[in-house]
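Below: the structure, in structure tokens.
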Protein chains: 2
Amino acid sequence: MSDAAPAPEELGLRERKKILTRETIASAAFELAQEHGLDDVTVSDIAERAFVSPRTVSNYFHSKEAAIVAADENEPMEMLAGFEDRPHDEPALQSLRTVLAGSVRSWSDEHAQRLRAKEQLIDRAPALLPHRMAQYDELEDAIRHAVAKRTGVDPETDAFSRLIAGAASAAVKTAVRMWMNSDAGPDALAALVEQSFDELESGLHHDA
Amino acid sequence: MSDAAPAPEELGLRERKKILTRETIASAAFELAQEHGLDDVTVSDIAERAFVSPRTVSNYFHSKEAAIVAADENEPMEMLAGFEDRPHDEPALQSLRTVLAGSVRSWSDEHAQRLRAKEQLIDRAPALLPHRMAQYDELEDAIRHAVAKRTGVDPETDAFSRLIAGAASAAVKTAVRMWMNSDAGPDALAALVEQSFDELESGLHHDA
DNA sequence: CGCATTGTTGCGTGTTGAGCAACAAGCGTG
DNA sequence: CACGCTTGTTGCTCAACACGCAACAATGCG
């Protein structure tokens, strides 16, 4: 579950199949919701398009909403890849700025476009919002653990890692919200992320 | 019944009754979940304890989870009462610090205790987490609109109000998480809120 | 004091989430 | 390479749920 440092990422066939199934279900759910609207999609519909049984859909997600929101989502751990390699004397906020902006910038145009569409769908179907918020919470958790690990503190009891994780997550969220109604690509999103981090670094004084 | 309802305004009887019903249902839901665990509570149980029909529970909340999380919740607008009265030349972050910390400090010990219990319950029942995150999002929205209103910008397109709202919300969340496993009162929570805002103001440099 | 408005309730229905047991598809070991 | 162990998938079943609808009751207003 929580890959520490070891590199052995040779996944068995089983694991890969599971991941593929999960992605297929999520994509099917998202596409259907986009086509017919959230209320006119059932788990049976999703199952059918994903070539699995309805029961299997339930095995992967507690609800169709969770499945929809999971589509094309970036693993928080992937978003933070490279954080450990940053110089440890660099301020954490700056490391996060570099890594997160870089991660966003590496997205393909297609991936970015799907994420934009997903954000727009969530705005149209408010029932999805809690689940998206939970995803930001996962990102926040990943950041928090990464920061705590670097500074050698307990992620549960350390206030600073919590706060910086929340702030960094808010920076990403802000950038996404600003970007989602434009027609710009990943580069523009990355620039917005950097801009948000700049304001955080300067203590959120309005002139930024 | 069990709650000292904060509905002091001169609302019609109808409005007050609705608010009371909502609070009664939410409290019933929370108490039952605390007593028996989330999975062993049905909407019928909740309805029974709240002296309403199951159908009415559905009228107020889309799910029992939403009802549970709504218990003893502070209206975001109330949390921000007084923000408009702060001097307009004061940095927004400082105004928020004062208002939010003050709001938290004014809570009764009982209210604080119930909120703590709710946080603990949410940790035990992860299915509640998305809904709590959505509540933080509501707080964030309220902050965003308040800040945008003061500076006269469009809350939808202005990046700064989004970011500061997210950061302030993260400050509150951080404080609550740090506080929830202690046995301290509202004053201690308020102090933690102020501490988080201090770190935000100083640009999140670790020495804070 | 009626009439319009609006909250509450019961009913019916399509959907959901999950436990269970059977089956099949990886996987490890000898 | 074949056997058994582990684990993902499926169909079945059922309690619970969300919600539209229409009747009813309480409130608010003129």
Side-chain angles (χ1 to χ4, degrees), chain A residues 1 8-30 32-33 36-70 125-131 134, chain B residues 1 5 7 9-30 32-33 35-70 125-131 134:
Chain A
M1 314 305 171
E9 289 297 61
E10 297 274 348
L11 293 177
L13 174 59
R14 216 163 189 160
E15 304 284 338
R16 273 179 290 151
K17 215 171 178 180
K18 251 189 112 171
I19 292 174
L20 181 64
T21 305
R22 186 185 181 83
E23 288 174 352
T24 305
I25 293 173
S27 292
F30 170 59
L32 285 169
H36 305 107
L38 175 63
D39 296 333
D40 291 319
V41 177
T42 68
V43 292
S44 298
D45 298 336
I46 298 170
E48 192 179 349
R49 183 170 296 203
F51 307 104
V52 294
S53 74
R55 187 63 184 83
T56 298
V57 176
S58 290
N59 284 342
Y60 280 90
F61 302 99
H62 324 281
S63 65
K64 66 180 177 185
E65 286 84 2
I68 293 169
V69 171
L128 297 175
L129 198 140
H131 299 275
Chain B
M1 305 253 173
E9 286 309 325
E10 308 217 352
L11 297 172
L13 174 59
R14 219 162 187 158
E15 301 289 334
R16 271 179 291 151
K17 213 170 178 181
K18 251 189 112 171
I19 294 173
L20 181 64
T21 305
R22 186 184 181 83
E23 288 175 352
T24 306
I25 293 173
S27 292
F30 170 58
L32 284 169
E35 292 170 16
H36 306 107
L38 176 62
D39 297 331
D40 290 319
V41 177
T42 69
V43 292
S44 297
D45 298 335
I46 297 170
E48 193 178 350
R49 183 170 296 203
F51 306 107
V52 293
S53 75
R55 189 62 183 83
T56 298
V57 174
S58 290
N59 284 342
Y60 280 89
F61 303 98
H62 347 266
S63 66
K64 65 180 178 187
E65 286 84 2
I68 293 169
V69 171
L128 298 176
L129 198 139
H131 295 86

Need two values: the first and the last nucleotide of DNA chain D, 5' to 3', having an atom under 4.0 Å from any heavy-atom of chain A. dT6(D) to dC12(D)
With sequence neighbours left out, write down each residue that passes side chain to side chain contact (heavy atoms under 4.5 Å, CB included) with [X], or none if nothing qualifies.
X       : value
A26(A)  : F61(A), A70(A), A71(A)
A50(B)  : T24(B), I25(B), A28(B), V52(B)
H36(A)  : L32(A), D40(A), V41(A)
A127(A) : L38(A)

Does T42(B) have any side-chain hydrogen bond (donor to acceptor under 3.5 Å, both in side chains) partners at least two apart in sequence or in another chain, and if so, which?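 D45(B).
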Partner residues of T56(A) under the side-chain hydrogen bond (donor to acceptor under 3.5 Å, both in side chains) criterion, sequence neighbours left out: S53(A)
Could you state the interatomic distance from CG (L128(A)) to CZ (F30(A)), rounded to the nearest 0.5 Å? 10.0 Å
Closest heavy-atom pair and its distance - [X], [Y]:
X       : Y       : answer
P126(A) : P130(A) : O-CD, 3.6 Å
K64(B)  : V43(B)  : CB-CG1, 4.3 Å
Y60(A)  : R22(A)  : O-NH1, 3.4 Å

N59(B) side chain near R55(B) side chain, heavy-atom distance below 4.5 Å: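 The answer is yes, as the side chains (C-beta and beyond) meet within the 4.5 Å cut-off.
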Tell me, do H131(A) and S63(A) make a side-chain contact under 4.5 Å, heavy atoms counted? yes
Of the residues in residues 47-66 of chain A, which ones touch DNA chain D at a heavy-atom distance under 4.0 Å? V52(A), S53(A), R55(A), T56(A), N59(A), Y60(A)
Within residues 18-29 of chain A, find the residues that approach DNA chain D with a heavy atom at under 4.0 Å, and present them sorted by residue number.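 The answer is K18(A), T21(A).
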Overall bend - the helix from dC1(C)-dG30(D) to dG30(C)-dC1(D), comparing terminal axes fitted on five pairs, nearest 10 degrees: 40°
CG of D40(A) versus P of dT16(C): gap in Å, rounded?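 Rounded to whole Å, this separation is 11 Å.
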Could I get the full list of salt bridge (charged side-chain N to carboxylate O under 4.0 Å, His left out) partners for E35(B), not counting sequence neighbours? R49(B)
Each nucleotide N or O in nucleotides 26-30 of chain C that has a protein N or O under 3.5 Å away: list the pair and distance.
residue, atom, partner, partner atom, Å
dG26(C), OP1, K17(A), NZ, 3.1
dG26(C), N3, R14(A), NH1, 3.3
dC27(C), OP1, L13(A), N, 3.2
dC27(C), OP1, R14(A), N, 2.8
dC27(C), OP2, L13(A), N, 3.3

